[in-house]
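Everything on this sheet refers to the single structure shown next.
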Protein chains: 2
Amino acid sequence: MKTPTRNRRAEILEAAADLFAARGFHGVSIEDIGTAVGVSGPALYRHFNGKEALLTEMLLDISERLHEQGARLATTADPDTAEAALDALLSGHIEFALTHPALIRVHERELDNVPEQARRAIRRLQRLYVEEWVTVLSELHPACPPARLRAATHAVFGLLNSTPRSAGELAPEAMAGLLHTMARAALSRL
Amino acid sequence: MKTPTRNRRAEILEAAADLFAARGFHGVSIEDIGTAVGVSGPALYRHFNGKEALLTEMLLDISERLHEQGARLATTADPDTAEAALDALLSGHIEFALTHPALIRVHERELDNVPEQARRAIRRLQRLYVEEWVTVLSELHPACPPARLRAATHAVFGLLNSTPRSAGELAPEAMAGLLHTMARAALSRL
DNA sequence: GGAGTCTGTTAATGATGATTAACATCCGAG
DNA sequence: CTCGGATGTTAATCATCATTAACAGACTCC
């Protein structure tokens with residue numbers, strides 16, 4: 001029985017993400033998560049070392065995906081294509097946020113519940129992701145100081161990550177277009 | 001002893017806001033809050049009916065302040081001054097977010113931990129606040145469907161409320177200016 | 001100068017919840 | 001077959017917490 005095992009972990013992570021997003025890390029019990037995947041309670045310890053370990057793996061995974069995606073899409077040293085790189089970053093982030101609203105929410109909110117060491121690793125990945133944006137933006141706004149570009153990047157993340165809050169108001173494609181337009185405009189005047 | 005009493009409640013609410021913002025509602029104990037204001041634990045029950053009641057009052061207060069502020073600043077039926085009204089709404093919200101980052105954070109995150117009835121009241125105030133923005137925006141973008149304006153408003157809130165996350169990167173005045181500029185730009189193209 | 005209200009304090013009380021123990025199944029490998 | 005590992009189950013265990021009880025000082029008003 002090697003193959004079915006792969007799924008359990010993923011199933012658990014997915015269910016836990018939804019629950020954490022809805023009620024917060026401390027608002028969800030191990031038992032809740034177990035129930036959500038059809039097993040009950042302590043069974044989760046066969047797959048994770050504990051509740052914190054579960055959250056840690058979730059956040060590390062998200063941060064890695066965003067960072068990796070960012071590194072792939074921002075690969076542009078050329079000012080001519082900086083515009084294109086920014087559009088790619090925007091589309092990538094929007095796609096992720098619309099596809100995985102629960103993950104975005106958890107990523108935004110639960111870092112403090114991760115044990116110190118892992119938290120540092122996660123923060124590093126987040127920082128690297130931000131720097132990818134800053135690099136692209138600095139080509140578009142050479143005169144703008146890095147601190148300002150960083151703050152602007154965080155602000156745009158706030159805008160793009162608003163998705164989970166306004167869910168259902170608009171169709172996904174319309175929402176994607178709107179977010180892209182707004183973010184693009186917000187970043188045009190720095 | 002009439003005067004000192006007034007403070008306790010405010011003190012408690014303030015300390016609780018900071019703690020909730022930092023660790024989340026379920027991550028903070030009554031004892032923690034007590035300690036933060038220099039009394040210990042059950043003393044809080046002399047001022048609030050319980051932990052949920054405390055959070056409820058906090059969120060109601062925030063929602064009321066934002067709504068009241070919005071109603072005051074958006075008072076404009078005139079398309080000529082819609083621009084000015086929007087600027088006022090922006091400045092007001094930014095001022096609030098920069099002055100009370102903890103409150104903004106709690107307001108954004110903890111609604112689900114409020115008991116049903118109060119939650120409805122809070123949601124109503126939030127909805128009214130959004131509608132104030134939508135009203136102003138609809139004068140600036142008459143062709144834009146309301147659902148889109150609402151989504152855009154939520155997105156801008158996400159941008160403006162990014163404050164707690166990028167704290168310290170920039171001086172408050174610089175941050176205020178940046179957020180205003182970005183939000184203005186984001187809302188110009190709908 | 002005492003009754004009453006306000007605020008606090010320190011011990012229960014009772015739940016809830018994370019984690020671990022002890023005890024089954026199932027299944028593939030040899 | 002049968003041994004071992006992977007997965008689960010249920011019954012402890014041990015903390016942490018919200019909330020309530022019982023008791024005490026302080027200050028106001030009469």
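Letters A, B, ... are given to chains in the order of the sequence lines, protein chains preceding strands, and every chain is numbered from 1. Values in this document were obtained by computation on a predicted structure and should not be read as measured data.
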[X] has an atom [atom1]; how far is it from atom [atom2] of [N], in whole Å?
X      : N       : atom1 : atom2 : value
R9(B)  : dC6(C)  : CZ    : P     : 13 Å
N7(B)  : dT7(C)  : CG    : P     : 11 Å
L44(A) : dT19(C) : CG    : C1'   : 12 Å
H47(B) : dT5(C)  : NE2   : P     : 17 Å
Y45(A) : dT19(C) : OH    : P     : 3 Å
E52(B) : dT19(D) : CD    : P     : 7 Å
N49(A) : dT19(C) : CG    : P     : 10 Å
R46(B) : dT20(D) : CZ    : C1'   : 10 Å

Just checking G41(A): base, sugar-phosphate only, or nothing, at a heavy-atom cut-off of under 4.0 Å?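 Contact class for G41(A): none.
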Strand contacts (DNA chain C) in residues 109-118 of chain A, 4.0 angstrom heavy-atom criterion: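 Going residue by residue through residues 109-118 of chain A, none turns out to have a heavy atom under 4.0 Å of DNA chain C.
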Specify the residues of residues 18-40 of chain B, ordered by number, for which at least one heavy atom lies under 4.0 angstrom from an atom of DNA chain C.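 The stretch gives V39(B), S40(B) as the residues lying under 4.0 Å from the strand, ordered by number.
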Check for a donor-acceptor pair, side chain of [X] on one end and backbone N or O of [Y] on the other, with a separation under 3.5 Å.
X       : Y       : value
T75(B)  : A71(B)  : yes
E110(B) : F25(B)  : yes
R189(B) : T181(A) : no
S162(A) : L159(A) : yes

To the nearest 0.5 Å, how far apart are CG in L59(B) and NE2 in H107(B)?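 Reported value, rounded in 0.5 Å steps: 6.5 Å.
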W133(B) vs F157(B) aromatic rings, parallel, tilted or perpendicular, using cut-offs 30° and 60°?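 Perpendicular: the ring planes of W133(B) and F157(B) meet at over 60°.
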Would you name the heavy atoms of V136(A) and A74(A) that are closest together and state the gap between them?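 What the structure gives for the nearest pair is CG2-CB, 4.0 Å.
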With salt bridge (Lys or Arg N to Asp or Glu O under 4.0 Å) as the criterion, how do R127(A) and E131(A) come out once you've worked through the C-alpha distance, each side chain's angles and the decisive distance to 0.1 Å? CA-CA 6 Å; R127(A) 195 162 31 243; E131(A) 289 313 316; over 6 Å; no
Salt-bridged, E108(A) to R105(A), with N to O below 4.0 Å?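 No, no charged N to carboxylate O under 4.0 Å.
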